[in-house]
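Following: one structure in structure tokens, then a few remarks.
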Amino acid sequence: MKIIYKDGTVAECPAEEVTHVLRHSAAHIMAQAIQRLYPNAIFGYGPATDKGFYYDVDLGDTKLTDEDLVTIENEMKKIVKEKLPIRPFILNRDEAIKLMHDRGAKYKEEHIGDLPEDAIISFYQQGDYIDMCVGPHITYTSALKAFKITQQGGAYWKNDSSRKMLTRINGVAFATKEELEEYERQQEEAKARDHRRIGQQMQLFMSDDLVGKGMPMFLPNGYTVWRELENYIRNKELKLGYQHVMTPCVGTVDLYKTSGHWAHYQKNMFPPMEVEGETFVLRPMNCPHHMMIYANRPHSYKELPIRIAEIAHDFRFETSGTLKGIERGRHFCQNDSHIFVTPEQIESEFKGVVDLIFETYKDFGITDYRCVLSLRDPNDKVKYHPDDQMWDMAEASLRKVLDDIGIEYTEEIGEAAFYGPKLDVNVKPAIGNEYTLSTCQLDFCLPAKFDLKYIDADNSEKTPVVLHRAILGSIDRFMAYIIEETKGKFPTWLAPMQVKVLPVSEKTMEYATRCYNALLDEDVRVVLDDRSEKIGYKIREAQQEDRVPYMLIIGAKEEEEGTVSVRNRVGETTTMKLDEFITKVRTEIRTRAF
RNA sequence: GCCCAUGUAGCUCAGUGGUAGAGCACCGCCUUGGUAAGGCGGGGGUCGGCGGUUCAAAUCCGCCCGUGGGCUCCA
């Protein structure tokens with residue numbers, strides 16, 4: 001594919017740039033189509049993205065319907081057919097401003113002002129359409145073969161919520177029609193994997209207006225998975241010296257004034273409640289409670305690290321637009337812990353947490369994640385807690401641990417919390433943006449706010465450092481992730497229903513019931529399908545809806561031989577003695593085979 | 001919170017101004033069937049809510065609520 005650079009050079013496009021250039025040109029062609037259909041449109045930014053492209057456009061009071069998007073797409077197809085040449089030209093700054101001004105392109109004009117003094121300001125033109133752009137682009141509009149407008153949405157000019165909201169029109173473009181079809185197939189697959197959809201199909205959780213938005217309720221199936229997750233992590237923590245506590249969800253506002261949350265986190269909290277002259281809030285975090293537990297009695301340096309843990313209910317006032325099933329609600333349960341350490345213990349304790357994170361990921365077969373080490377911006381003296389020595393030491397420790405373990409990570413300068421650096425482990429859901437699953441954050445500030453001390457070897461009072469950490473993040477969110485990763489086909493130890501016994505007819509109901517009871521006695525989550533339906537029907541439901549790991553098909557043959565016919569989720573069947581099956585399934589559960 | 005779309009039976013959806021529909025699920029009867037849907041019959045909806053336009057509103061308009069996508073936010 002030939003492309004044209006802003007200086008007019010035409011060259012073969014490097015293979016790895018092809019989709020990017022196509023998408024960028026697709027954005028221009030879409031803008032041209034919009035300009036033809038809506039002559040008053042004023043364009044903002046219109047880049048290629050890693051998924052496709054978009055253009056932000058100010059349409060005045062005009063609202064677009066989905067049919068309008070189809071019309072725009074059809075106009076794009078016309079422009080492609082017209083085989084218009086796409087040609088660049090360069091103007092000096094004054095000429096560029098004049099051109100944009102004369103064309104009423106006020107956002108482009110503003111953008112010129114943001115460009116560095118020595119910037120070469122280039123334009124690309126196809127037919128009547130001119131766009132300020134660095135390129136490169138395809139040489140003719142006809143090179144765009146496979147594209148589709150996917151959706152529209154709002155986007156603030158320059159991503160600034162105080163600026164005007166423009167209409168963002170999104171599209172996708174690929175080098176070939178096959179790639180476009182593959183993309184559409186993947187989109188369908190992602191929709192089928194969405195935890196909200198599977199959650200409803202498998203009756204894992206629900207929500208209702210009357211209960212409140214962002215307030216999911218876990219149904220028996222979902223709560224079974226929940227309990228397994230909770231047991232899993234709590235048992236692991238117990239072996240690592242964590243001590244579990246339970247603290248209340250409502251606290252005085254003064255608690256959060258002490259912690260600083262009231263000053264800094266209030267907009268994420270539900271409004272306060274006044275009772276008998278006292279003011280209470282719903283807690284958004286558990287740190288203050290755990291600080292108070294530490295403060296309950298004096299501590300020697302010999303006791304540290306102290307690891308206080310809790311599966312804690314929290315409430316956060318998330319803006320309505322960000323709520324998403326059990327991935328992000330206004331109520332959730334954090335797999336939280338606060339670890340109190342001496343400065344010397346930061347490194348080893350941080351390592352312990354990182355090891356726990358990746359051991360857990362291994363148990364759950366999680367491999368697709370991104371580690372981010374968030375550091376302070378040393379030049380920003382306002383945002384960050386002013387103890388350079390502590391920061392330097394802590395950041396070096398964190399980096400050293402990650403390097404020693406040999407995990408890949410990216411460093412993000414200026415992304416640290418004001419109280420300390422942190423490690424986030426991020427994953428991508430089936431639909432939507434990356435989010436944080438696990439986190440470990442250092443905190444130099446909070447212990448001092450609660451005046452926490454330990455007595456050091458020299459009998460002097462010192463302030464401990466705190467590590468905030470969450471391994472499963474929130475149980476809710478972790479479950480959402482596991483649902484999407486497994487498509488609801490949970491490993492046996494997590495599955496709400498582990499075995500379903502399916503008698504072929506009522507004639508073998510008695511033997512089927514014996515099998516059922518034997519499994520029940522062995523603490524297997526088993527269900528007996530005693531309806532008078534045909535076996536094919538029962539299998540279909542067990543496989544498609546229940547997604548049960550094992551079906552036991554019980555007919556006359558099995559009864560005679562004292563065996564069970566075992567069918568797994570892939571449709572493979574084997575026959576074995578009932579005892580054999582029980583041993584197999586129990587082993588699988590005990591080892592948490594994934 | 002903002003922008004757009006959307007809301008009809010438990011679920012998935014059809015129905016664009018004139019007596020609320022389909023498939024699946026549910027209930028009953030028949031069928032006792034061997035590895036992904038057996039047959040017949042039945043019950044079930046203030047068409048998200050409130051107002052408005054109209055002889056007449058699921059359908060048109062306004063506001064509110066929920067949901068989906070996008071943006072912002074996420075000390």
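Here is the naming used below: chain letters follow the sequence lines, and residue numbers restart at 1 for every chain.
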Mind checking if A:K538 touches a base, just sugar-phosphate, or nothing, with heavy atoms under 4.0 Å? nothing
Please state the P separation for the pair B:rA37 and B:rC30 - nearest whole angstrom. 24 Å
Between the side chains of A:D254 and A:T252, is a donor N or O closer than 3.5 angstrom to an acceptor N or O? no
Using Watson-Crick geometry (N1-N3 plus N6-O4 or O6-N4) or G-U wobble (N1-O2, O6-N3), each under 3.5 Å, B:rA75 is paired with none
Distance check, C1' atoms only: B:rC13 and B:rG17, in whole angstrom units. 22 Å
Do A:F147 and A:F174 make the cut of ring centroids closer than 6.0 angstrom? no
Could you give all pairs that pass the side chain to side chain donor-acceptor pair (under 3.5 Å) test and reach residues 203-220 of chain A, with sequence neighbours left out? none
Ring pair (Phe, Tyr, Trp, His ring centres under 6.0 Å) partners of A:F53, counting only residues at least two apart: none
Strictly below 4.0 Å, heavy-atom distances to any atom of RNA chain B: list the hits from residues 313-333 of chain A, or just say none. A:T319, A:S320, A:G321, A:T322, A:R328
Using a 4.0 Å cut-off on heavy atoms, which residues in residues 164-174 of chain A reach RNA chain B? List them by number, or say none. A:M165, A:R168
Using a 4.0 Å heavy-atom cut-off across all strands, classify A:G536 as base, sugar-phosphate, or nothing. sugar-phosphate
For A:A495 and A:Q498 the tightest heavy-atom approach is O-CG, 3.6 Å
Is the distance between the ring centroids of A:F43 and A:Y107 under 6.0 Å? no
Reckon A:E558 touches a base, only the sugar-phosphate, or nothing at all at heavy-atom distances under 4.0 Å? base
Select base, sugar-phosphate, or nothing to describe what A:S505 touches, counting heavy atoms under 4.0 Å on all strands. base
Outermost contacting nts on RNA chain B, any atom under 4.0 Å from chain A heavy atoms, listed 5' then 3', are B:rG1 to B:rA75
Go through A:N170 and A:T150 one step at a time and tell me if the side chain to side chain donor-acceptor pair (under 3.5 Å) criterion holds. CA-CA 6 Å; A:N170 290 283; A:T150 51; 5.4 Å; no
Under 4.0 angstrom, heavy atoms only, what part of the nucleic acid is A:N159 near: base, sugar-phosphate, or nothing? sugar-phosphate
Using the P atoms only, state how far B:rG21 lies from B:rG44, rounded to an integer number of Å. 13 Å
As its Watson-Crick or G-U partner within any shown strand, both distances under 3.5 Å, B:rU67 has B:rA5
Heavy atom of residues 423-443 of chain A under 4.0 Å from RNA chain B: which residues? A:I431, A:N433
Over all strands shown, is A:Y537 touching base, sugar-phosphate only, or nothing at heavy-atom distances under 4.0 angstrom? sugar-phosphate
Looking only at heavy atoms, the pair that brings A:G555 and A:T508 closest together is C-CG2, 3.3 Å
Roughly how many Å apart are B:rU67 and B:rG51, using the C1' atom of each and rounding to a whole number? 23 Å
Side-chain donor-acceptor contact under 3.5 Å, A:E310 with A:H290: yes
A:F418-A:H385 aromatic ring centre distance below 6.0 Å: no
Using the C1' atom as the point on both nucleotides, what is the distance between B:rG10 and B:rG45, in whole Å? 12 Å
Let me see the working for A:T247 and A:R283 under side chain to side chain donor-acceptor pair (under 3.5 Å), right down to the final yes or no. CA-CA 10 Å; A:T247 58; A:R283 72 165 169 201; 2.6 Å; yes
Applying a 3.5 Å limit to both distances, which nucleotide forms a Watson-Crick or G-U wobble pair with B:rA22? B:rU12
Under 4.0 Å between a Lys/Arg side-chain N and an Asp/Glu carboxylate O for A:D387 and A:R376? no
What distance, rounded to whole Å, do you find between the two P atoms, one in B:rU35 and one in B:rC40? 23 Å
Answer with yes or no after comparing the ring centroid distance for A:F581 and A:Y550 against a 6.0 Å cut-off, counting only values under it. yes
Return whichever of A:D194 or A:K534 has its heavy-atom-nearest nucleotide of RNA chain B closer to the 5' end. A:K534
Does the Lys NZ or Arg CZ of A:R330 fall within the cation-pi geometry relative to A:F317 - under 6.0 Å from the ring centre and within 45° of the axis? yes
Taking atom types as modelled, is there a side-chain donor on A:Q152 or A:T167 under 3.5 Å from an acceptor on the other? no
Aromatic contact between A:Y419 and A:F444, with the criterion being ring centroids under 6.0 Å apart: yes or no? no
Need one value for A:Q266: base, sugar-phosphate or nothing, where a base atom within 4.0 Å counts as base even if backbone is also close, heavy atoms only. nothing
When both distances are under 3.5 Å in a Watson-Crick or G-U wobble arrangement, the nucleotide paired with B:rG62 is B:rC50
With a 3.5 angstrom cut-off on both distances, give the Watson-Crick or G-U wobble partner of B:rC27, or none if there isn't one. B:rG41
Base, sugar-phosphate, or nothing for A:A263, non-hydrogen atoms under 4.0 angstrom? nothing
Find which nucleotide of RNA chain B each of A:S207 and A:L64 is nearest to by heavy atoms, and output the residue with the more 5' nucleotide. A:L64
Spacing of the C1' atoms in B:rA14 and B:rG42 (rounded, Å): 23 Å
Using the C1' atom in both, what is the distance from B:rA36 to B:rC29, to the nearest Å? 26 Å
Using a 4.0 Å heavy-atom cut-off across all strands, classify A:I535 as base, sugar-phosphate, or nothing. sugar-phosphate
